[in-house]
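Have a look at the structure below before the remarks.
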Amino acid sequence: MFMKRNLVELPIPTRDGIFLAHYSKKGLAELNFPVGSARRADQWTLRRSVPTKIKKWHRTTETALKKILAGKKSKLPPLDWTGKTEFQKSAWKQMLKISPGKTKSYGEVATAIKNPKAVRAVGGACGANPIPVLVPCHRILAANKKLGGFSGGLDWKRSLLKREGIKFDV
DNA sequence: CCCACAAGTCGCT
DNA sequence: AGCGACTTGTGGG
């Protein structure tokens, strides 16, 4: 269930479709993959009520998203992980350290956060990741370089990885 | 509080 | 290659 707070939603047009960014007062709280029917972007723009600082974050987010979609590293806006568990935050922070073009296995992430056996839980954390692409959950592969899964759709994972020149097993 | 599930991993066949 | 056992965090009853 989603306790909806007052979030500002702003669209980010890319060549892959229109992403939707949600901002809280603390930072970027959620990023959505393009909605099926990419309708009016302005449906979500609330330009007049958007605080200056959020506009600034949004600009950063937009740049970051496009760069990362192109397989490049980029500076990220502040991320708001309020309400998430410590475990998830640790896992995501760990993923942020992965450079474009590189991968880690779920096991490596688990080990990095000092819970070597929580591999499966790491998978869960990935799925719960509210900010795909920017938090590179797609760079996590299974131990034998297999794809694993992806909540946002495996197609995305595949193309994102290919785009970064990452090889993986079928 | 207990129970079932998940984007894993390893060992055995 | 395929199948099952074991593991941990999380969400629902």
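A, B, ... follow the sequence lines: proteins, then strands. Residue 1 opens every chain. Please read all numbers here as calculations on a predicted model, not as lab measurements.
Between the CG atom of D169(A) and the P atom of dG2(C) there is a distance of 13 Å, rounded to whole Å. Distance, W92(A) CH2 to dG9(C) P: 15 Å, rounded to whole Å. Residue F168(A) contributes atom CZ, which lies 18 Å from atom P of dA7(B) at whole-angstrom precision. Following rounding to the nearest Å, I98(A) (CD1) and dA7(B) (P) show an atom-to-atom distance of 18 Å. In this structure, NZ of K145(A) is placed 10 Å from P of dT9(B), rounded to the nearest angstrom. Counting to the nearest Å, the C1' atom of dA7(B) and the CG atom of D155(A) are 15 Å from each other. Atom CD in Q88(A) sits roughly 6 Å away from atom P in dG11(C) (whole-Å rounding).
At a non-hydrogen distance threshold of 4.0 Å, V119(A), R120(A), G123(A) from residues 113-123 of chain A come into contact with DNA chain B.
With the 3.5 Å cutoff on both pairing distances, Watson-Crick and G-U pairs in DNA chain C assemble into runs of at least 3 at B:1-6 with C:8-13, B:8-13 with C:1-6.
Ion pair K102(A)/E164(A) not flagged as a salt bridge, since none of the NZ, NE, NH1 or NH2 atoms sits closer than 4.0 Å to an Asp/Glu carboxylate oxygen.
Atom NZ of K25(A) has 12 or fewer heavy atoms from other residues, nucleotides or ligands within 6.0 Å.
Side-chain proximity of A143(A) to dT10(C), dT9(B), dA7(B): nearest is dT9(B).
Ring planes of W156(A) and F19(A): perpendicular class, angle over 60° (limits at 30 and 60°).
A distance of 12.5 Å separates NZ of K167(A) from OG1 of T103(A), quoted to the nearest 0.5 Å.
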